[in-house]
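Structure record follows, encoded as C-alpha cells.
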Amino acid sequence: MTGAEPETGITPGGKNGAFRDVLAADHARRGKPPRHFTDMDLEERQEVCAQLGLPKFRASQLANHYFNHLSTNPDDFTDLPAASRQDAAHRFFPELITPVTVQKADQGTTIKTLWELFDGSRIESVLMRYPSRATLCISSQVGCGMGCPFCATGQLGLTRNMSTGEILEQVRAASRMMRSGQVAGGPGRLSNIVFMGMGEPMGNYRAVLSAVRQISALPPKGFGISARNITVSTVGVVPGIRKLTKEGIPVRLAVSLHAPSDKLRDELVPMNRRFNTTQVLDAAHDYYLASGRRVSIEYALMRGINDQAEHARLLAKRLNHYGDDWAHVNPIPLNPIEGSRWTASKPEDEQRFLDILHKAGITATMRDTRGSDIDGACGQLAAKAVKLQA
C-alpha cells in the first residue's frame, strides 16, 4: 500500500484533453470505506493484532477464516480467545457491502445482487452457474466515467472508486453462496471472476490489482481461484493495459472494442478520443505476446450501427494485421436499456457477422446473454439501481 494514488478514478489524461471521465453529481464527496483486512498487508494486520493485545500469528488465523472458511463471523473464530473475537471482527471485518435486493433468472442459475455500500452508494454483481463452471461478474467502481451511450452503467457517471475490500467482499459472498448450495444445482465452487460489472477496472488500477492478487493466491493468502480464470476488462485505457502487461500475472485481458474504425468508435466509446483503435489494439497484442494468452475482443452488436458485413470485414482485417491467432472475438447481442435508442441486431445480421469472422480465420463465439430479464446482462448493470434510488 505504498505510493501516492489518486482516489478520484480519473484515468491518465482524463482531466483534460480529448477525453474526460464523466463524473456523477456526487463524485468523490463521500469519505473512504472503513479499512478492511484485505486492504492491509501482513505488517499492518500484525500491527492491528498488537493493538488488540493479540500475538502476530493471529493475523494468519484470521486470514484462514476469511479466505478458507469464507467467514467474518466472530462466533466462528474459535481458535482466538473468546474475549478478543468481537474486537477482532470489528477491527478487521467492518461490514462493507449489504444486500438490498437479490434477483434470480435462468432457473436460479443466474443471481444478481444489488449491494449498498457504507456511504449509501449502490453497486451490482452477477453470479452465473454453468455446467462446468461458476462465474462471478464483479464491480470495481461506483458507476462508470467512460460514458458509453449504450451502457446503463455509463449513464450514471463515476461516483468513486471501490476499495479492495469492497471488491473482494463480492467474491467472498458469491463463494459462500456456491459452497452452501444457495445456487441452483447444489453445493459447488466459484471458479471464474470477470471484472465486467460496474466501472472501468483500469480507472481503479491499484485496488483491482490488489484484488486480483488476493483472488488468485492460495488460501490462507487468497481465495485460490486461478489467475487464468480471472478476466480484467477495459474500454481501452492504454496505460492500464501496458501496466498490467508488466505485472506478469496470467489473467485474461478483455477489450471492449465495439467498433472497427476510429470514426465509429469515437461515437460509441468516448475513450477512443484519448486512445484510438490502433493504440488499443497494439497494446492488447503486446499483452498477448507477453502473457501468451489470447485477448478477448468484446463487441456489442447494435442494429444498423456496427453490425453490417463491412464492419465484420474491417474488424477481421484489423485483427489479422498482426499475423497471429492472438484474439478471440465475443460478439454480444446488445442488451437493451430502458429509454435507449440503441437496439439489438437482427439474428440474421448477427449470424452473418460471425460467419465473416470465421471465414477470415478469426476465432469468435457469440456471447451468452444470461440474466437479461433481470437487467443482469452485459451493459445493463445499474438499471435497477437507478430505479430503486429514484
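FYI, side chains are in, hydrogens and waters are out, and symmetry mates aren't considered; it's all heavy atoms of this structure.
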Nearest heavy-atom approach of D286 to T245 is O-CG2, 4.1 Å
Using side-chain heavy atoms (C-beta onward) and a distance below 4.5 Å, is E267 in contact with I305? no
More than 12 non-hydrogen atoms from neighbouring residues, nucleotides or ligands closer than 6.0 Å to CD on Q51, yes or no? yes
May I ask you to test the P333-L301 pair for a side-chain heavy-atom distance under 4.5 Å? no
In a check of side chain to side chain donor-acceptor pair (under 3.5 Å) between Q141 and each of N204, T159, T153, N161, which one passes? N161
So H285 and L289, side chain to side chain contact (heavy atoms under 4.5 Å, CB included) or not? Walk me through it. CA-CA 6 Å; H285 184 254; L289 293 176; 3.6 Å; yes
First locate atom OG1 of T38, then atom CG of L168, and finally report the distance between them rounded to the nearest 0.5 Å. 4.5 Å
Do D282 and F275 have side chains that get closer than 4.5 Å, going by heavy atoms? no
Are there more than 12 heavy atoms of other residues, nucleotides or ligands under 6.0 Å from atom NE2 of H90? no
Going through the distances and angles, do M178 and L127 end up as a side chain to side chain contact (heavy atoms under 4.5 Å, CB included)? CA-CA 9 Å; M178 286 296 301; L127 176 59; 4.2 Å; yes
Please check: side-chain N/O of H258 versus main-chain N/O of A300, any donor-acceptor pairing under 3.5 Å? yes
When you measure from the side chain of R303 to the backbone N and O of T343, does any donor-acceptor pair fall under 3.5 Å? no
Over all atoms of both residues, closest heavy-atom pair of G147 and V22: CA-CG2, 4.1 Å
Residues T78 and R85: side-chain donor-acceptor under 3.5 angstrom: no
Please step through side chain to side chain contact (heavy atoms under 4.5 Å, CB included) for the pair H27 and L158, ending with a clear verdict. CA-CA 6 Å; H27 169 72; L158 175 66; 4.2 Å; yes
For residues I362 and I356: do they belong to one hydrophobic cluster (side chain heavy atoms under 4.5 Å, members Ile, Leu, Val, Met, Phe, Trp, Tyr)? no
Does V232 form a side chain to side chain contact (heavy atoms under 4.5 Å, CB included) with M202? I'd like the steps, not just the answer. CA-CA 9 Å; V232 177; M202 298 302 183; 4.2 Å; yes
Test item: side-chain donor near acceptor, N73 and S71, under 3.5 Å: no
Kindly say whether S139 contributes a backbone atom to a donor-acceptor pair with the side chain of Q170 at under 3.5 angstrom? yes
Has D39 got a side-chain atom pairing as donor or acceptor with G165's backbone, closer than 3.5 angstrom? yes
Under 4.5 Å between side-chain heavy atoms, hopping through other hydrophobics if needed: is there a path connecting L257 to L314? no
If you count heavy atoms of other groups shown closer than 6.0 angstrom to CD of E348, is the number above 12? yes
Any side-chain heavy atom of N330 sitting closer than 4.5 Å to one from T365? yes
For the side chain of R189 and the backbone of A134, is there at least one donor-acceptor N/O pair under 3.5 Å apart? no
Counting distance only, does the side-chain N/O of E44 pair as donor-acceptor with the main-chain N or O of D41 below 3.5 Å? yes
Got a second to check how far L209's CG is from L244's CG, nearest 0.5 Å? 7.0 Å
Salt-bridged, D355 to R352, with N to O below 4.0 Å? no
Keeping the roles fixed (side chain from Q107, backbone from A184), state whether a donor-acceptor pair exists under 3.5 Å. no
Return the orientation label for the F77 and H65 ring planes: parallel under 30°, perpendicular over 60°, tilted otherwise. tilted
R172 with E169: basic N within carboxylate O range, under 4.0 Å: yes
How about Y299 and F353: are their ring centres within less than 6.0 Å of each other? yes
Spacing of R228 atom CZ and S216 atom OG [to the nearest 0.5 Å]: 12.5 Å
What's the spacing between S256 OG and M146 CE if we round to 0.5 Å? 11.0 Å
Taking all non-hydrogen atoms of both residues into account, name the closest pair between R45 and F92 and its distance. O-CZ, 3.4 Å
Do S125 and L136 have side-chain heavy atoms sitting under 4.5 Å apart? yes
At what distance, to the nearest 0.5 angstrom, does CE of M40 lie from OG of S210? 12.0 Å
Roughly how far, to the nearest 0.5 Å, is CG of L319 from CG of L357? 8.0 Å
Do the two ring centres, one from F93 and one from H36, sit under 6.0 Å apart? yes
Shortest non-hydrogen pair, I249 vs A227, comes out as CG2-CB, 3.9 Å
What orientation do F37 and Y66 show, parallel under 30°, tilted 30 to 60°, or perpendicular over 60°? tilted
Heavy-atom closest pair (D307 atom, H311 atom, distance to 0.1 Å) is N-ND1, 3.5 Å
Compare every heavy atom of T135 with every heavy atom of Y130, then report the nearest pair and how far apart it is. CE1-OG1, 4.3 Å
Distance-only, no hydrogens or angles: does the R294 side chain make a donor-acceptor pair with backbone N or O of Y288 under 3.5 Å? no
